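Some notes on the structure that comes next.
Keep in mind that the numbers below use all heavy atoms, side chains included, and drop hydrogens, waters and symmetry copies. Only a predicted model underlies this, so the values are computations on that prediction, with no experimental measurement involved.
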Amino acid sequence: VVVPRVVSTLVTWRLGAPISRAVVVAGATPGGDQLVILGGATTGGLTASGAFVLNVTNGTLSHVGDLMTTLDDATGAVLDGQDVVFGGASSTSAASSTSASVQALSATAPVPSSGTTVPTSTLLGTLPQPRAGDTAVTGGATTYLVGGVSAAGPDPGILATSDGRHFIDVAALPVPVLFPAVAVFGGKLYVFGGDAATGSDAGHAVDTIQVVDLKTHKAKDKGHLLEPLAGAAAVVLGHDVILAGGDTAPPGTGAQTATTAAGAPTGAST
């Protein structure tokens, strides 16, 4: 199978303000021309609470709601017609002031007209414990939450939910990490890199590839990336998983983290 070439270009429009570590999910409009951006870290070390619909064809940004609190380092998914946000932190330190809340906003509600009051998210459920810095991935009707940390320490547990209210423990990561790239492929859940949550490499990107068999619930350390990588994106294309972007630095060296523009197939099918 020939994997399509991945090309990135700069668009001519910009967001209304700098934002990072936000939750981004697909919009409800047919055709896939919208994204929903929720919360995130903004300038001055502040966190945001707004929910915005971004039209990716023309850059139009519409304020459609607000989270119950300012929040970053959360993760999210679309469940039953709702944009769902899991956990997160109310400061720009993932381990401090972590939340166990599961918040929801309607994904299908019309964009409020200018000058009208936007809705506030509702409390859909509660995580088994607070968590921030994890990654969500959806396979079929199930969303998996992978990695993360709380004030109590790293959380190696992988949670599964289909409704945002009930959670099942799937497995535990052999190497606890924050901000991993995650993909579901062929009945397995792949966890690429991330920031180490424990040990001498804590706070630094790692090169581990961890694989969870979703039938047996067994998790194994199965190999290594070409370089340490955290905060990357993983996308399944054909019989491969493509990793793009992220931060990289040699583990255990204390070297300054550098952002990478690289993208590469992992060959998950082999």
If you apply the rule side-chain hydrogen bond (donor to acceptor under 3.5 Å, both in side chains), what do you find for S97 with S90, and how did you get there?
CA-CA 6 Å; S97 191; S90 58; 2.5 Å; yes
Between [Y] and [X], is there a side-chain donor-acceptor contact under 3.5 Å, judged purely by atom types and distance?
X   : Y    : value
T75 : T135 : no
T70 : T47  : yes
H63 : D66  : yes

Which value, rounded to the nearest 0.5 Å, describes the distance between [X] atom [atom1] and [Y] atom [atom2]?
X    : Y    : atom1 : atom2 : value
Q82  : L124 : CD    : CG    : 5.5 Å
S101 : L123 : OG    : CG    : 5.5 Å
L79  : T143 : CG    : OG1   : 4.5 Å
L173 : K220 : CG    : NZ    : 15.0 Å
T60  : D33  : OG1   : CG    : 10.5 Å

Do [X] and [Y] sit in the same hydrophobic cluster, where Ile, Leu, Val, Met, Phe, Trp and Tyr count as joined when their side-chain heavy atoms come under 4.5 Å apart?
X    : Y    : result
V25  : L54  : no
V53  : V78  : yes
V177 : V212 : yes
V146 : L214 : yes

Ignoring hydrogens, what is the shortest heavy-atom contact between G194 and A230? Give both atom names and the distance.
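Nearest pair, atom of G194 first, then A230: C-CB, 3.6 Å.
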Walk me through whether V102 and L127 qualify under side chain to side chain contact (heavy atoms under 4.5 Å, CB included).
CA-CA 7 Å; V102 180; L127 295 171; 4.1 Å; yes
Assess whether atom CG of L35 is packed by more than 12 heavy atoms of other residues, nucleotides or ligands within 6.0 Å.
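It does: L35 CG has more than 12 such atoms within range.
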Can you tell me if D169 has over 12 outside heavy atoms packed within less than 6.0 Å of its CG?
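No, because the 6.0 Å sphere around CG of D169 holds 12 heavy atoms or fewer from other groups.
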Not counting sequence neighbours, which residues clear side-chain hydrogen bond (donor to acceptor under 3.5 Å, both in side chains) with D213? List them please.
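None.
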Run the side chain to side chain contact (heavy atoms under 4.5 Å, CB included) test on I209 and L225 for me, step by step, so that the C-alpha distance in whole Å, both residues' side-chain angles and the decisive distance to 0.1 Å come before the verdict.
CA-CA 7 Å; I209 300 174; L225 299 169; 3.9 Å; yes
Determine, stepwise, if the pair D207 / T248 fulfils side chain to side chain contact (heavy atoms under 4.5 Å, CB included).
CA-CA 9 Å; D207 63 2; T248 183; over 6 Å; no
The criterion is salt bridge (Lys or Arg N to Asp or Glu O under 4.0 Å); which residues satisfy it with D155, sequence neighbours excluded?
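D155 satisfies salt bridge (Lys or Arg N to Asp or Glu O under 4.0 Å) with R131 only.
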Pairwise salt bridge (charged side-chain N to carboxylate O under 4.0 Å, His left out) hits with a residue in residues 229-239, at least two apart
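Found none.
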